[in-house]
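Residue numbering restarts at 1 for every chain, and letters A, B, ... go by the order of the sequence lines. Here the structure is a predicted model, which means the values were calculated and not measured.
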2 protein chains.
Amino acid sequence: MAYTMKDVAKRAGVSVATVSRILNGLSGYSEETKKRVNQVIDEMGYQPNAIARGLISKKTRTLAVLLPEVSDLFASEVLAGVEEEAHEKGYSVIICKTAKNGVRTMKYLQTLRENQVDGIIFMSETLTKEYYEAIRKMGASLVLVSTRSDYDIPYVKVDDRQAAYDATSYLVEKGHRSLGMLSGTEGDLIATVPRVAGFKEALCDHGLPAEEHRIAYGDFGFSSGALAMERLLRRVPDVEAVFCASDEMAVGALSLLHRKGIKVPGEISIIGYDNTRAAEMAFPPLTTMAQPLYQMGKKAVDIVLGHRSAESLLLSHQMVERETVGQR
Amino acid sequence: MAYTMKDVAKRAGVSVATVSRILNGLSGYSEETKKRVNQVIDEMGYQPNAIARGLISKKTRTLAVLLPEVSDLFASEVLAGVEEEAHEKGYSVIICKTAKNGVRTMKYLQTLRENQVDGIIFMSETLTKEYYEAIRKMGASLVLVSTRSDYDIPYVKVDDRQAAYDATSYLVEKGHRSLGMLSGTEGDLIATVPRVAGFKEALCDHGLPAEEHRIAYGDFGFSSGALAMERLLRRVPDVEAVFCASDEMAVGALSLLHRKGIKVPGEISIIGYDNTRAAEMAFPPLTTMAQPLYQMGKKAVDIVLGHRSAESLLLSHQMVERETVGQR
DNA sequence: CCCTGTGACGTAAACGTTTACTTTCGAAAA
DNA sequence: TTTTCGAAAGTAAACGTTTACGTCACAGGG
């Protein structure tokens with residue numbers, strides 16, 4: 001049995017209240033008492049019980065991250081940032097894979113409520129009314145990452161439309177005239193629509209064709225990237241450069257192009273999105289529009305802990321030029 | 001303020017004990033009472049407080065995973081398995097990045113003790129005496145993943161020596177005679193030594209040269225893979241096939257080879273290790289010795305929860321043949 | 001008709017803290 | 001000398017459960 005505060009108190013010849021005060025740095029004891037108590041604590045190897053503390057303080061110093069998939073380059077990079085910042089701030093983080101599954105998400109939300117988590121970081125998915133209500137009721141603070149909602153909830157993300165616009169513009173500045181796009185899940189309001197809009201808008205602004213058939217939809221994943229690239233090639237045989245909605249899709253496209261013997265960037269230029277580790281490991285190394293994933297994770301915990309006033313953050317994207325975009 | 005059991009009890013006209021019994025499926029109440037209480041619970045939207053429960057039961061239904069790096073293909077795949085199985089069993093999992101840093105690890109261990117986690121999954125690192133003692137004192141159960149120790153602690157891993165042996169043998173069966181290896185961190189007792197041993201042993205058994213200069217050391221990472229490959233090429237110019245200690249290193253090697261215009265598998269064959277997502281996304285798709293990462297995660301929680309009797313598990317490795325190994 | 005057993009509860013004591021209220025005591029103020 | 005005040009502590013009531021025990025009524029056996 002681990003020692004409790006009562007044991008420490010008895011051994012030090014004081015009351016539990018005094019021990020508690022010393023542990024919490026409150027006032028109401030002499031320097032001498034403090035020394036003695038701390039010594040006893042060391043001797044006994046006493047460790048406070050956070051559960052008991054949580055029961056009374058109603059704070060658990062625990063955060064939860066809800067994400068669609070744990071083993072995902074995008075998600076795990078953000079997660080790393082969350083873990084780091086939370087650890088610095090003395091919080092624990094528990095992970096919850098939603099699997100884009102409503103009932104699984106709700107079940108997690110219930111567990112989180114029972115466990116009295118202090119804050120929730122909700123990532124990459126649509127916050128339904130059901131989720132929102134559940135979280136509101138449990139009284140945890142909430143922040144959205146890479147998504148947003150109609151409710152007044154702070155979020156941390158990149159300006160997708162602008163980032164897509166910039167990526168596309170970069171391509172035309174490099175002299176490409178026949179552009180294509182490998183997009184994510186068709187109809188996805190959060191991650192697809194704004195990027196497609198940015199892509200089209202950039203083309204329009206540069207007086208370039210932006211027909212719908214220049215966009216091939218996929219699901220952000222590697223294989224869908226290859227498939228989408230193949231479709232795009234059929235529909236736009238003279239395509240010179242393609243903007244991909246994720247690095248994974250870009251790498252899928254790269255793969256297909258390799259297989260077909262089409263040179264990148266010699267014949268076709270490719271630009272990715274996210275700047276996950278897949279980008280640096282690709283061959284050739286993938287030029288991509290970076291999101292500050294790790295930073296997003298860190299900022300998210302700052303916000304959810306209320307250190308940063310509950311304001312949304314639009315983090316800036318950034319081109320990272322590697323070797324898949326050529327000058328034409 | 002959320003409702004408590006007391007509120008429910010009052011509204012249902014029973015005592016808290018009865019409510020508790022009903023919630024926990026114990027006996028000692030009539031069907032009728034049960035119905036009434038459950039109805040009240042639904043009406044009020046009552047949710048039990050796991051903190052209070054934990055205080056008295058000394059069980060928190062929480063697991064912790066300690067791993068060197070969160071955003072790592074290997075780790076996140078295992079983590080995904082852990083999350084899945086834990087969720088099925090009704091446990092939460094909290095993540096702790098050790099960063100191969102002793103003091104950070106100890107700090108985490110202290111937090112975990114304070115938070116009374118039920119079990120710890122310790123991954124990919126050496127369990128020092130200090131860690132071991134700390135965990136023993138806190139009374140959490142423990143399981144090792146992809147590592148082992150001198151203490152009698154259950155582990156889940158693959159037989160690295162055998163897997164390396166098999167991978168190497170596969171290469172010689174394909175007709176290669178001049179082999180090389182890209183190894184992980186030199187001296188790493190857990191992840192390097194056994195693989196190097198398996199590599200050498202296979203070469204010896206096939207009567208092939210196994211000089212030390214055929215092994216180039218790195219750190220399991222992508223760039224170290226490219227670097228190591230370059231060194232190996234200098235030292236063994238006629239190398240025909242190389243066994244890499246991780247997929248990431250293999251992909252790094254692939255990259256270097258591409259850059260040098262050396263064909264894979266035409267001129268040199270490459271085989272990886274782990275079968276992370278990097279392997280499928282590589283070009284050409286990487287042949288690799290798979291570890292059942294996701295399964296390892298799941299088994300680890302089974303063991304740590306004591307469902308599987310506290311026995312170590314040596315999971316079987318498996319060749320996954322893709323396109324980086326040719327016949328000579 | 002009494003005794004015993006059992007089902008259906010209620011009571012209250014834990015669990016290990018925090019914290020609002022005391023209490024005590026010595027020193028400064030009046 | 002008395003009053004006042006603050007520092008240094010102690011007491012005990014929370015926090016929301018679980019659970020050992022106690023109570024009560026009723027049924028069945030003798």
Side-chain angles (χ1 to χ4, degrees), chain A residues 1-38 40-41 44-62 110-118 138-139, chain B residues 1-38 40-41 44-62 110-118 138-139:
Chain A
M1 264 300 292
Y3 292 117
T4 76
M5 249 175 63
K6 208 192 289 192
D7 301 318
V8 173
K10 189 176 301 176
R11 179 113 148 226
V14 298
S15 74
V16 293
T18 298
V19 178
S20 173
R21 279 189 282 253
I22 291 172
L23 251 24
N24 293 298
L26 304 179
S27 59
Y29 47 85
S30 66
E31 213 29 57
E32 189 194 1
T33 313
K34 174 176 172 183
K35 210 164 287 178
R36 182 158 36 94
V37 169
N38 276 326
V40 171
I41 286 178
M44 306 179 79
Y46 164 78
Q47 305 257 158
N49 179 327
I51 300 298
R53 174 180 302 154
L55 179 57
I56 182 156
S57 71
K58 291 167 177 326
K59 296 269 167 264
T60 50
R61 297 189 80 80
T62 297
Q110 179 179 335
T111 306
L112 296 179
R113 171 170 180 181
E114 293 183 4
N115 283 84
Q116 315 270 120
V117 304
D118 297 338
M138 65 194 268
Chain B
M1 265 299 294
Y3 292 117
T4 76
M5 250 176 63
K6 207 191 288 191
D7 301 318
V8 172
K10 190 176 300 175
R11 178 113 147 228
V14 297
S15 74
V16 293
T18 299
V19 178
S20 173
R21 280 189 280 253
I22 291 172
L23 251 24
N24 294 298
L26 304 179
S27 58
Y29 49 85
S30 66
E31 223 14 70
E32 191 195 359
T33 311
K34 175 176 172 182
K35 208 164 288 176
R36 182 157 37 92
V37 169
N38 277 326
V40 171
I41 286 177
M44 306 179 77
Y46 163 78
Q47 305 256 158
N49 179 328
I51 300 298
R53 174 180 303 154
L55 179 56
I56 182 155
S57 71
K58 289 165 177 328
K59 296 268 167 265
T60 51
R61 298 190 81 81
T62 297
Q110 178 179 336
T111 305
L112 296 179
R113 171 169 179 182
E114 292 184 4
N115 283 84
Q116 314 270 120
V117 304
D118 297 338
M138 66 196 266

Q: With a 4.0 Å cut-off on heavy atoms, is A:Gln47 in touch with a base, just the backbone sugar-phosphate, or nothing at all?
A: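 Here A:Gln47 touches the backbone only, sparing every base.
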
Q: Without hydrogens or angle criteria, can the side chains of B:Asn24 and B:Ser20 be said to hold a donor-acceptor pair below 3.5 Å?
A: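 Their side chains do contain a donor-acceptor pair, which is all the 3.5 Å distance test asks for.
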
Q: What's the shortest heavy-atom distance between B:Met5 and B:Val19, and which atoms?
A: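 Here B:Met5 and B:Val19 meet closest at CG-CG1, 3.8 Å.
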
Q: Looking only at heavy atoms, which two atoms of B:Leu23 and B:Tyr46 are closest? And how far apart?
A: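 Of all heavy-atom pairs spanning B:Leu23 and B:Tyr46, the closest is CD2-CE2, 3.7 Å.
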
Q: Just report the end-to-end axis angle for the helix from C:dC1-D:dG30 to C:dA30-D:dT1, five pairs per end, to 10 degrees.
A: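 It works out to 60° between the end axes.
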
Q: Mind checking the CZ-CD spacing from A:Arg53 to B:Glu114? Nearest 0.5 Å is all I need.
A: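 A:Arg53 CZ to B:Glu114 CD: 6.5 Å, rounded to 0.5 Å.
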
Q: Whole Å only: how far is the CE atom of A:Met5 from the P atom of C:dG16?
A: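 These atoms are roughly 12 Å apart.
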
Q: What nucleotide, of C:dG16, C:dT17, D:dT17, holds the atom closest to the side chain of A:Arg53?
A: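 Nearest to the side chain of A:Arg53 among the choices is C:dT17.
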
Q: How long is the gap from CG on B:Asp7 to CD1 on B:Ile41, to the nearest 0.5 Å?
A: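 Here the rounded value is 11.5 Å.
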
Q: What are the residues of residues 6-38 of chain A, sorted by number, that bring a heavy atom to within less than 4.0 Å of DNA chain C?
A: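 Only A:Ala17, A:Ser20, A:Asn24 qualify.
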
Q: Distance check, rounded to the nearest 0.5 Å: B:Ile51 atom CD1 versus B:Gln116 atom CD?
A: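 Taking CD1 in B:Ile51 and CD in B:Gln116, the distance rounds to 10.5 Å.
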
Q: Rounded to the nearest angstrom, tell me the gap between atom CG in A:Leu55 and atom P in C:dG16.
A: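 These atoms are roughly 12 Å apart.
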
Q: Tell me if a side-chain donor or acceptor on A:Asn38 pairs with a main-chain N or O of A:Lys35 at a distance below 3.5 Å.
A: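 Such a contact is absent between A:Asn38 side chain and A:Lys35 backbone.
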
Q: Looking at D:dT18, I'd like to know if its phosphate oxygens (OP1 or OP2) sit under 4.0 Å from a side-chain N or O belonging to B:Lys59.
A: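 False: B:Lys59 side-chain N/O out of range (4.0 Å or more) of D:dT18 OP1/OP2.
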
Q: Take B:Arg36 and B:Glu32 through the side-chain contact (heavy atoms from CB on, under 4.5 Å) test and state the conclusion after the steps.
A: CA-CA 6 Å; B:Arg36 182 157 37 92; B:Glu32 191 195 359; 5.5 Å; no

Q: Between atom CD1 in B:Ile51 and atom C1' in C:dT18, what is the gap in whole Å?
A: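 Whole-Å distance recorded here is 15 Å.
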
Q: Let me know the distance between OH of A:Tyr46 and P of C:dG16, rounded to the nearest Å.
A: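 Going from OH in A:Tyr46 over to P in C:dG16 covers 10 Å.
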
Q: Keeping the roles fixed (side chain from B:Asn115, backbone from B:Val117), state whether a donor-acceptor pair exists under 3.5 Å.
A: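 The answer is no, because no donor-acceptor pair under 3.5 Å joins these two groups.
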
Q: In whole angstrom, what separates B:Ile56's CD1 from C:dG16's P?
A: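 Rounded to the whole Å, the gap is 10 Å.
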
Q: With a 4.0 Å limit, can you tell me whether B:Tyr3 has a side-chain N or O closer than that to the phosphate oxygens OP1/OP2 of D:dT17?
A: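 Answer is no, no contact under 4.0 Å.
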
